[in-house]
> 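Before I ask anything, here is the structure I am working with.
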Amino acid sequence: MLLIRCPYCATERPEIEFRHGGQAHVARPADPSAVDDAAWSEYLFFRDNPKGVAAERWRHVHGCGRFFNCLRDTVSDRILATYPAGAPRPTLGAEGAR
Amino acid sequence: MKFSFASVLSNALGGNAAWPAQWRSPEPKASYDAVIVGAGGHGLATAYYMAKERGLTNVAVIEKGWLGGGNTGRNTTIIRSNYLWEESEAIYEHAMGLWQELSTELNYNVMYSARGVMMLAHDRHDVETFKRHVHANRLAGIDNEWISAGEAKAFCPPLDVSPTLRFPVVGAALQRCGGVARHDAVAWGYARAASAMGVDIVQNCAVTGIRRDPSGAVAGVETSKGFIGAKKVGVVAAGHTSTVMAMAGVRMPLESYPLQALVSEPVKPFMPCVVMSNKIHAYMSQSDKGELVIGAGTDAYTSYSQRGALHISEHTLEAICELFPAVRRLRMLRNWGGIVDVTPDRSPIIGRTPVAGLFVNCGWGTGGFKATPGSGHVFAHTLATGEPHPIAAPFSLDRFRTGRLIDEAAAAAVAH
Ligand SMILES: Cc1cc2nc3c(=O)[nH]c(=O)nc-3n(C[C@H](O)[C@H](O)[C@H](O)COP(=O)(O)OP(=O)(O)OC[C@H]3O[C@@H](n4cnc5c(N)ncnc54)[C@H](O)[C@@H]3O)c2cc1C
Ligand SMILES: [Zn+2]
């Protein structure tokens, strides 16, 4: 079970308080009818699925109820950073760069 | 070498010391007509049918670990074909047909046991969904029948069907030809038969890159044992498909999740069939060794850690203890995880990719073991001819652009 730090509640809480929300920073095309099928399909279905550092959304459903983003190493499952939704993806130091 | 009563008897008399290796372990050649990445059941079956039915034996299967060590050797081996949509019915039933004679075909006992797969319904929504499945399946000539709670109890006596349960059993869909097979034997049987026809299976050799020629077409693969040339490359790497396809610059509509299973200490014959409940998430059958084989869910998040969180298996065990009160004091012996590649519509992707010469067979997610013979059979056609087999055609990568999804997720919410 992951221990996840909610950036709003500023506490580390067990994973079962949260709901995973998929890849972070996936922007919906501003004008869906203006993009072609390939771009729309990319938005709907294609994901990075990295073996390494992933940026993902979590929602603190049994806490403040808010969405935030998280950087996690998908090999070790170690959480490297959590940050509020809307904030840019933080750059990691040498430690997170594996 | 052919297994027969005489060979088993003579080897038994010789203390079983004279059995030969079941497949060759060659060093890779400089090039092949085709290279398959991943020696799981699907990759090995693909190689087998390429050699057997297409006469293509200048083929290598490249495996980073040991053959069958991925999801093939980690799954709970449930086999059934009662999926909802016609496309799925066709491919899973194709596999179901091949399972019937597979031991004879491979001269290797894969221990396919048609003991029946019973899927429990717990509420009105389940009843309506399952009856819809039963009707759809029967229209397609696929075995599936609706049975009452009493009949479910008669079919599987240790099941608790009392109406006082939090999620009482109100009926079930039963596929009698469904069942289980020995997962390792499936990988070994295909490996042995493919190797005997000349296919090179190269273990402990990771594919680290996909080389392309100036036209952009595939030229071969970089591996930890050097470059191997091939004009055709078939990627059958399950949970690692995204990472392998990225080597050719191809993005995939896949996410990789850990999926767990666990087994109990062995006990006397306890249950005669496979029981599944999607609603409360529990699956169980009994292996021939006597262990109860239990499937848990995926973790909530994508990961390559190849182990699952404890609360996921606890959740499943709570449901198992509710359905089968007699198992409450059993000890669990082992638990483990595999990395499953999940598509947005929970159906596989089989066929061509945007890169010439590069083919993919993936996205089987939590439920591809049952499809192993059929998947290998249709993908062999694709690799041999460059065209999708009619059964595989709907499962194209392109469906995520055209929108022709095969939405088994919404239809059934079914795993395995
Ligand atoms: C716990 C669990 C329970 C399951 N239960 C069921 C069930 O009851 N019924 C069912 O039908 N299905 C079930 N499944 C799903 C099923 O196991 C898979 O869909 C199926 O086995 C996939 O077979 P495969 O040959 O494609 O993959 P795998 O057996 O995983 O083979 C892929 C191979 O590719 C290799 N590979 C990866 N990357 C590279 C590389 N770079 N270079 C070389 N080789 C590479 C891997 O090492 C691996 O051996 C379950 C899965 C799990 C994990
Ligand atoms: Zn919070």
Side-chain angles (χ1 to χ4, degrees), chain A residues 1-6 13-26 28-29 32-33 35-63 67-82 98, chain B residues 64 206 208 237-247 249-258 297-315 337 339-347 349 354 362-363 365 396-405 407 409:
Chain A
M1 170 144 5
L2 302 178
L3 282 177
I4 305 173
R5 185 182 165 80
C6 172
R13 309 294 302 165
E15 176 195 330
I16 47 174
E17 285 193 13
F18 300 85
R19 180 124 347 123
H20 188 253
Q23 184 177 325
H25 308 296
V26 179
R28 189 176 200 273
S33 49
V35 301
D36 63 7
D37 289 353
W40 185 243
S41 157
E42 167 69 30
Y43 163 67
L44 286 180
F45 300 125
F46 288 71
R47 296 295 177 260
D48 293 345
N49 200 20
K51 186 171 184 173
V53 179
E56 62 192 6
R57 303 193 308 164
W58 286 89
R59 185 172 173 223
H60 195 183
V61 280
H62 297 296
F67 276 98
F68 60 92
N69 293 334
C70 169
L71 295 183
R72 182 175 51 87
D73 182 332
T74 62
V75 179
S76 64
D77 284 341
R78 225 158 61 84
I79 290 179
L80 307 170
T82 56
R98 50 140 279 139
Chain B
K64 72 173 174 181
T208 53
H240 280 81
T241 302
S242 295
T243 62
V244 176
M245 295 300 283
M247 297 169 190
V250 178
R251 273 170 74 75
M252 297 298 292
L254 292 172
E255 290 188 300
S256 297
Y257 292 91
T298 58
D299 277 315
Y301 46 86
T302 61
S303 174
Y304 291 83
S305 65
Q306 208 156 259
R307 58 172 184 260
L310 187 60
H311 68 277
I312 304 284
S313 42
E314 275 178 354
H315 177 73
I339 302 300
V340 297
D341 45 334
V342 177
T343 58
D345 62 359
R346 303 299 189 269
S347 289
I349 300 168
C362 67
S396 69
L397 178 57
D398 202 40
R399 75 176 184 272
F400 295 98
R401 190 184 57 80
T402 63
R404 289 192 69 87
L405 303 186
D407 204 349

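Numbered from 1 within each chain, the chains take letters A, B, ... in sequence-line order. This structure is a prediction, so every number in the text was calculated from the model and none was measured.
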> Among residues at least two apart in sequence or on other chains, which ones pass ring-ring contact (aromatic ring centres under 6.0 Å, His included) with Tyr257(B)?
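None.
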> Which atoms of Arg72(A) come close to chain B, meaning under 4.5 Å heavy atom to heavy atom: side chain ones, backbone ones, both, or neither?
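Side chain of Arg72(A) only, per the 4.5 Å heavy-atom cut-off to chain B.
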> Chain B heavy atoms under 4.5 Å from Asp48(A): which part of the residue, side chain, backbone, both or neither?
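Both parts, backbone and side chain.
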> Does Ser256(B) reach the side chain of Asn49(A), with side-chain heavy atoms less than 4.5 Å apart?
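Ser256(B) vs Asn49(A): side chains touch.
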> Which region of Asp77(A), side chain (C-beta onward) or backbone (N, CA, C, O), has a non-hydrogen atom less than 4.5 Å from a non-hydrogen atom of chain B, or is it both or neither?
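When you check distances to chain B, only side chain atoms of Asp77(A) fall under 4.5 Å.
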> Answer whether the closest heavy-atom distance between the side chains of Asp345(B) and Phe45(A) falls below 4.5 Å.
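Side-chain contact under 4.5 Å: no.
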> Counting only non-hydrogen atoms closer than 4.5 Å, does Leu44(A) touch chain B with its backbone (N, CA, C, O), its side chain (CB onward), both, or neither?
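The answer is neither part of Leu44(A).
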> Report yes if some heavy atom in the side chain of Met245(B) is under 4.5 Å from a heavy atom in the side chain of Cys362(B); otherwise report no.
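The answer is no, as the side chains (C-beta and beyond) never meet within the 4.5 Å cut-off.
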> Can you tell me which portion of Pro14(A) sits under 4.5 Å from chain B's heavy atoms? Options are side chain, backbone, both or neither.
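Neither; nothing under 4.5 Å.
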> Using a heavy-atom distance cut-off of less than 4.5 Å, which residues of residues 305-315 of chain B contact chain A?
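The list, in residue order, reads Ser305(B), Arg307(B), Ala309(B), His311(B).
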> Quick one: CZ on Phe67(A) to CZ on Phe18(A), what's the gap to the nearest 0.5 Å?
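Those atoms lie 12.5 Å apart.
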> Side-chain contact test, heavy atoms from C-beta onward, threshold under 4.5 Å: evaluate it for Pro354(B) versus Leu397(B) and give yes or no.
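SC-SC contact between Pro354(B) and Leu397(B) confirmed.
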> Indicate yes or no: at least one non-hydrogen side-chain atom of Trp58(A) is less than 4.5 angstrom from one of Ile79(A).
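With C-beta onward as the side chain, the pair stays apart.
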> Roughly how far, to the nearest 0.5 Å, is the NE2 atom of His20(A) from the CG atom of Asp299(B)?
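One gets 10.5 Å once the value is rounded to the nearest 0.5 Å.
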